[in-house]
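First up is the structure itself, then whatever we jot down about it.
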Amino acid sequence: MGYFLAVANRKGGVGKSTISVMLAHAFAVWGGKRVLLIDLDAQSNSSLILTGNAQWIEAQKSSRNIAAYIEDRMYGQNPIADYIMRGVGDIETDDGKPAPIDLLPGSLQFEDMQDELISHYSRHNTPFRQAKARCSEHFRRALHFAAPLADLIILDCAPGISNATQAALRLADQVIVPFRPDSVSEFAVDKISMIIEAKDAEQLIATPHNERKYKCLANYVRPGGQDQVFIDTIAADHPTLVTQMPMSGDLANAFFWSPERQTLEEKYGTAVQPMAALFRELSAYIPV
Ligand SMILES: Nc1ncnc2c1ncn2[C@@H]1O[C@H](COP(=O)(O)OP(=O)(O)OP(=O)(O)O)[C@@H](O)[C@H]1O
Ligand SMILES: [Mg+2]
């Protein structure tokens, strides 16, 4: 059964989609694993990185996307495999084959669909809290059907804490929390860690770092060491990976899909070194 890895932070623009796609590439090419990425964000950034505009638009038209899948499961038992795009991405393995990455694409309809789901579960005057819990359980169950389809299932979460994100955090075997080393990141990491662990602040502090199911990852780290004070503040309270992702023009460029297949070295340029370090460090924690 596949291992569920969520990439989440309440804060926007911290590199969730970039890291999700990077991990999909690393585990597929260097780890030789079958990877499925599920895009839980209406912005669909990771889908666009993996497929480019034209294929993503096609996936919207043909209803092969997360919103169509979750909505269809309100009324039937449609298999998740019917909504998945196979062999996506612009990366080839060392022997020239497409990297084994599948995608359940994101959809612009995803937010509207979540509202519809809440109305569905609010029928018959069901109290809001109960409706929300049922909605989250609908997501969790629907996503769990992906388990047999890949060795590693990466859940790229939207910023904020939607029902879909809460379900992904419950389902995940492990969560990576990318953060920008700045003065507000501490607050964002504190918040999401309590949601991941389903604990209040006191209970969280009493939980040893090695018993928590999330790991923080410093991203956009500038050279010169001035960010270290923010990273140390996070690491004092939260399990934090030793690997740091530098602020990198090559990494920013890797955000764009290329019509030609490339090697990881070609796509990521100088960022391939920290990417390899991240892959090595995570391989010790991710049993796939
Ligand atoms: N280490 C980095 N160095 C330089 N640019 C980066 C780095 N990591 C991410 N970026 C860039 O920052 C922008 C935001 O990244 P990304 O979309 O991955 O963040 P996100 O957390 O998924 O955002 P959102 O909350 O909107 O989903 C993108 O343009 C991406 O290319
Ligand atoms: Mg994103």
Side-chain angles (χ1 to χ4, degrees), residues 5-26 37-53 56 65-67 89-91 103-108 110-111 114 154-162 164-166 168-169 172 175-182 184-185 187-189 191-192 195-196 214-228 230-231 234 240-258 264 267-279 281-282:
L5 181 72
V7 181
N9 190 328
R10 280 183 86 167
K11 198 164 178 300
V14 295
K16 296 179 290 296
S17 300
T18 302
I19 302 292
S20 295
V21 173
M22 180 194 281
L23 292 178
H25 285 150
L37 191 145
I38 300 183
D39 188 347
L40 293 170
D41 189 354
Q43 299 177 97
S44 304
N45 283 329
S46 49
S47 305
L48 290 163
I49 304 172
L50 284 172
T51 66
N53 281 331
W56 178 74
N65 60 66
I66 180 79
D90 52 6
I91 291 292
L103 170 72
L104 179 51
S107 162
L108 294 174
F110 196 50
E111 279 156 354
Q114 292 195 58
I154 297 176
L155 307 166
D156 178 18
C157 297
I161 296 292
S162 61
T165 297
Q166 289 188 30
L169 296 178
V175 184
I176 302 297
V177 181
F179 69 93
R180 274 186 191 239
D182 59 28
V184 289
S185 60
F187 178 71
V189 174
K191 279 279 179 198
I192 193 134
I195 296 166
I196 294 168
Y214 68 95
K215 291 189 174 51
C216 300
L217 170 63
N219 187 22
Y220 303 93
V221 180
R222 291 169 296 173
Q226 74 259 50
D227 292 327
Q228 197 57 42
F230 296 114
I231 298 170
I234 299 275
T240 301
L241 292 164
V242 175
T243 307
Q244 301 179 351
M245 297 310 298
M247 180 172 273
S248 151
D250 283 356
L251 198 50
N253 287 334
F255 201 74
F256 300 99
W257 180 78
S258 144
L264 282 182
K267 184 162 182 79
Y268 286 93
T270 54
V272 86
Q273 278 111 18
M275 175 180 174
L278 179 62
F279 171 68
E281 188 177 2
L282 279 181

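In each ligand, atom 1 is the first atom listed, and ligand 1 is the first ligand listed. Hydrogens, waters and symmetry mates are skipped; everything else that's a heavy atom, side chains included, is used.
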Would you say that Val177 contacts Ile196 through its side chain, given a criterion of any heavy-atom pair below 4.5 Å between the two side chains? yes
Gap between atom OH of Tyr214 and atom OG1 of Thr240 - 0.5 Å precision: 8.0 Å
State the count of protein N/O/S atoms located less than 2.8 Å away from the Mg ion (ligand 2). 1
With a 4.5 Å heavy-atom cut-off, do Leu217 and Phe179 have their side chains touching? no
Pair Ser46-Asp41, side-chain contact (heavy atoms from CB on, under 4.5 Å): steps then yes or no: CA-CA 9 Å; Ser46 49; Asp41 189 354; over 6 Å; no
Flag the pair Arg222 / Pro181 as yes when at least one side-chain heavy-atom distance between them is below 4.5 Å, and no otherwise. no
Less than 4.0 Å from some atom of ligand 1, heavy atoms are found in residues Gly12, Gly13, Val14, Gly15, Lys16, Ser17, Thr18, Asp41, Gln43, Asn45, Pro159, Asn219, Tyr220, Pro246, Met247, Ser248, Leu251, Ala252, Phe255
Tell me, do Pro105 and Thr51 make a side-chain contact under 4.5 Å, heavy atoms counted? no
Tell me which donor-acceptor pairs under 3.5 Å the side chains of residues 12-23 have, and how far apart each pair is, sequence neighbours excluded?
unit_1: Lys16; atom_1: NZ; unit_2: Lys11; atom_2: O; d: 2.8
unit_1: Ser17; atom_1: OG; unit_2: Asp156; atom_2: OD2; d: 2.8
unit_1: Ser20; atom_1: OG; unit_2: Lys16; atom_2: O; d: 2.8

I need the minimum non-hydrogen distance between Asn65 and Ala67, along with the two atoms involved. OD1-N, 3.1 Å
For Leu48, what residues pass the side chain to side chain contact (heavy atoms under 4.5 Å, CB included) criterion, not counting sequence neighbours? Asn53, Trp56
